[in-house]
Visitor: 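Structure in structure tokens, see below.
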Amino acid sequence: MKITKIHTSIVNAKMRNWVIVRVETDEAGLYGLGEATVEFQTHAVVGAINDLSPLLIGQDPREIERNWQILYRHPFFKGGVITMSAISGIDQALWDIKAKALGVPLYQVLGGLARDKVRMYDHLGGGNSDAVYNSETSESFEEKMKASISAGFTAVKILAVPRSEPLGSAASLKLADELMFAARNAAGPDIDIMIDFHGRTSAAAAIAYAEVLAPYKPFFLEEVVQPDQIEAFARVRDKVSTPLASGERLLTRSEFLPFLKAGLIDVAQPDVCHAGGITELRKIASLCETFGVTMAPHNPLGPIATMVNVHLGLSISNFLIQEVMRSDVPWRGDIVHGVPEIKNGYIHPPTAPGIGVEFDEAEAAKHPYVAVKPTQWYNNDGSVTDW
Ligand SMILES: [Mg+2]
């Protein structure tokens, strides 16, 4: 079996342009799907896929490890989110082909079931844009929480930390307290609430927010500082007893290793569309298992990424919980068919061969590429800050 063609489709889903990768083979009807979405850098990742594709034409798609090594090592320069996302999307498609060729669901070729079902958590939004965040109120968090619970979820993520100056002001700490109070009040004591700091806080501000939020018993705090500030992360770790999570912006095992060796994270959040695909995510999971760290893969992207994560969650022993994005566009189910329903907060093992989804190109064509600018936040004095 040989790879004959690799191509991409772009589907606009509001702030994200999903990049869908399709790898064709010389066997009639056998192809693989993957996702390589990178926010705000769509043309770059499509270009990287186009640059890398010739390296795999003529290769056997089932030799996934060798193909991954070709994509990673032969171009000489390694890493970076664009190249790694391109590799990630292609890699997912190769696993899809392999499982389809064997006639089994993907999790079967990843070692089989390590659990019966995958616990999912809902994302209540907020923080994706300045406008969305600024319109966030305690009341709307309460409504969203109730909607998630009635949909069966037992865990949710919120962004309770507002746009931060270098140090959290008394007013912004009060706002975080009010938002978290509303969320916990609506959730009751049994729902797990994760709080994403989005790397928008300094270490000092993160510690102050963590103190305010701790009485509400968050499940974990995510990206308490920018991912490249490992020393700042250590300062937060030193002062905060709530479990800490990070990793959506880390690529490959190499970037997780310093966090693991320093004992900084309890929960690793690699993104299967950035960190190196299924191949690398399994290696990151094994590395984390060695350090007693659990996995909650980052997944705000499209439905193919969600399904890939479900198969990983089913087969990885140190898996904790899976993020899913439901609040972006209502037509997710129209363009990718086969994603199982979330029942009582869980997804059960899919039965179709491969990743188990079909991509409807005609439906996707109704949502063509749209140039999307990132959220741009500034401090009160006009200096640039993270969102
Ligand atoms: Mg996050």
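In listed order, ligands and their atoms are each counted from 1. No experiment lies behind these values; they were computed from the predicted model shown.
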Visitor: For Thr306 and Asn299, does a side-chain donor sit closer than 3.5 Å to a side-chain acceptor?
Guide: yes
Visitor: Against the six-membered ring of Trp331, is Lys14 placed for a cation-pi contact (under 6.0 Å from the centre, within 45° of the normal)?
Guide: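 Not satisfied by the 6.0 Å and 45° rule.
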Visitor: Using only N, O or S atoms, tell me which atom of Glu248 is closest to the Mg ion (ligand 1).
Guide: OE1
Visitor: Give a yes or no answer on whether the side chain of Arg119 reaches the backbone of Gly345 with a donor-acceptor pair at less than 3.5 Å.
Guide: no
Visitor: Is the distance from the ring center of His337 to that of Phe359 below 6.0 Å?
Guide: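 His337 vs Phe359: aromatic centres not under 6.0 Å.
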Visitor: Looking at the Mg ion (ligand 1), which N/O/S atom of Asp196 is the nearest one?
Guide: OD2
Visitor: Please determine if the Mg ion (ligand 1) has an N/O/S atom from Glu222 lying under 2.8 Å away.
Guide: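 An N, O or S atom of Glu222 is closer than 2.8 Å to the Mg ion (ligand 1), so yes.
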